[in-house]
Number of protein chains: 2
Amino acid sequence: MKQTKDENTEEQILDAAKNVFQTKGMEGARMQEIADNAGINKAMLHYYYRSKQLLFEAVFKNAFSLLAPQLNAILNDDSSIENKIKHFTASYISFIVKHPYLPNFIIQELNRKPDFILKLKENKGFPNLEKFKKQVAIEVEKGIIKPISAEQLFINILALNIFPFVAKPLILAFTNTNKKAFKQLMIDRKTEVSNFIINSIKNT
Amino acid sequence: MKQTKDENTEEQILDAAKNVFQTKGMEGARMQEIADNAGINKAMLHYYYRSKQLLFEAVFKNAFSLLAPQLNAILNDDSSIENKIKHFTASYISFIVKHPYLPNFIIQELNRKPDFILKLKENKGFPNLEKFKKQVAIEVEKGIIKPISAEQLFINILALNIFPFVAKPLILAFTNTNKKAFKQLMIDRKTEVSNFIINSIKNT
DNA sequence: ATATTTGTTAACCAAATGGTTAAACCGTAT
DNA sequence: ATACGGTTTAACCATTTGGTTAACAAATAT
């Protein structure tokens, strides 16, 4: 059972590393803590991933590869802008509830080392705005939606969906809500946000 | 000239610490780097601020005390919702251009230690939603704006204004723009965002 | 002038941390 | 049985890091 053994430890490490890196960040994470979390010796981390940096990159790429398809959904499918927004908002918020540390982790680490995203950009499947731009231009021309640049619309969609999770501690404090009420707020946003956006851009 | 000398070093330290902490975070920052940045000996940091933790807290509170009044502007002044949004959006974006690392710094550190905000909450001047809630309720009732909860509206305003700066590396990559074009996008947002919000909520 | 308080520095320290090594373990093939 | 490959561990190492100390400098008070 050599094979399965390998993959088991390797995955256990990756999983433990994910938890530690995503909550503490690259600088805050400790190799010892990851090892403890995975229930193994610290030397094993290096046996499988060579260095903290490489282990981190494995975790990061993994995280990003979960996020990217979410974004591509809105950029590359063929439904109308309105439908895309509805669908994306609902599905993205469900997605984040399952991976609560993910957006903050990615944003935090990209701010620390902004060049890191260049490596990812070469990958097939890296989100690309071209198709979305054309679609927005067409719907604007047809008068379906009000004039807006695709970039600004895209930023707005991301902002409204992602920000509340990234700024969760701030929002908890400002709105004076507990975690349960926060979760309800987020659930409400599944429809709230898409209505908000569509109200704003749709021609009547 | 003891007095001026003191305050000079103390402020030099705080300024250097601000730069290092805001770009590298608590965990990534090194006391030596702060000392070098301030052009002084490492021991001086401890002479004036006792520990890394206390120096960090000084920087953090300072940063937060810059941000809080920005938020209070929208929560506590007496103009209409529409005017508040217009004013806040324009002034907040100008503010951030001057302090680009600030929002990310605050968000990052609050996610690391979410309880830290409890200390701030006791302070006079901590943003409070009560007045804004009433105002939204009134304008909804009068039919000036469409029905929306004050919390959701507040989150949306923050999201649309703050998110682009926090997620700058992501947005640069997705929209394939350089820093100059990004800056232009942000300037455009001064009116873009407030129109976007007002379009969405205003009754016609 | 001189003592005293305040500011500053260089040298030092203990703990933590990422990483290495050499030996042990264990399933498999010979 | 035994040799061999990958896997796992405990002990170890070098460096970094936040923090301290003791002596020195400079300003202020007596």
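Remember, it's a predicted structure, so these values are computed and weren't measured experimentally. Residue numbers start from 1 in every chain, and the chains themselves are labelled A, B, ... in the order their sequence lines are given, proteins ahead of strands.
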Taken to the nearest whole Å, CD1/B:I34 to P/D:dG19 is 10 Å
Knowing that exactly one of A:K61, A:K98, A:H99 qualifies, which makes a side chain to side chain contact (heavy atoms under 4.5 Å, CB included) with A:L66? A:H99
Atom-pair distance (CG on A:D36; P on D:dA10), nearest Å: 12 Å
Over how many whole Å does the gap from B:F56 atom CZ to D:dG19 atom P extend? 13 Å
Nearest whole angstrom, please: distance from the P of D:dC24 to the CE of B:M44. 18 Å
Tell me whether A:E130 is salt-bridged to A:K134, with the criterion being a basic N under 4.0 Å from an acidic carboxylate O. no
Under-3.5 Å N/O pairs linking protein and nucleotides 22-25 of chain C:
none

Could you tell me whether A:K113 atom NZ has more than 12 heavy atoms of other residues or ligands within 6.0 Å of it? no
Taken to the nearest whole Å, CD1/B:I40 to C1'/C:dA10 is 14 Å
CD1-CG distance between B:I117 and B:L110, expressed to the nearest 0.5 angstrom: 4.5 Å
Separation of C:dG18 atom P from A:Q53 atom CD, nearest Å, is 12 Å
How long is the line joining CG of A:L45 and C1' of C:dG18, in whole Å? 10 Å
So with a 6.0 Å cut-off around NZ of B:K131, is the heavy-atom count from everything else above 12? yes
Do B:N178 and B:F182 have side chains that get closer than 4.5 Å, going by heavy atoms? no
Pairing of B:R189 and B:E192 as salt bridge, 4.0 angstrom limit: no
When you measure from the side-chain N and O atoms of A:Y47 to the phosphate of C:dT20, is any distance below 4.0 Å, counting only OP1 and OP2? no
Assert yes or no for the condition that the ring centre distance of B:F105 to B:F60 is strictly below 6.0 Å. yes
Tell me whether B:E27 is salt-bridged to A:K24, with the criterion being a basic N under 4.0 Å from an acidic carboxylate O. no
Just the rounded figure in Å: distance from C1' of C:dT8 to CG of B:N41. 7 Å
Between N or O atoms, less than 3.5 Å apart, protein on one side and nucleotides 12-18 of chain D on the other: list the pairs.
{"unit_1": "D:dT17", "atom_1": "OP1", "unit_2": "B:R30", "atom_2": "NE", "d": "2.6"}
{"unit_1": "D:dG18", "atom_1": "OP1", "unit_2": "B:A29", "atom_2": "O", "d": "3.3"}
{"unit_1": "D:dG18", "atom_1": "OP1", "unit_2": "B:R30", "atom_2": "NH1", "d": "3.3"}
{"unit_1": "D:dG18", "atom_1": "OP1", "unit_2": "B:K52", "atom_2": "NZ", "d": "3.1"}
{"unit_1": "D:dG18", "atom_1": "OP2", "unit_2": "B:M31", "atom_2": "N", "d": "3.1"}
{"unit_1": "D:dG18", "atom_1": "N7", "unit_2": "B:K42", "atom_2": "NZ", "d": "3.3"}

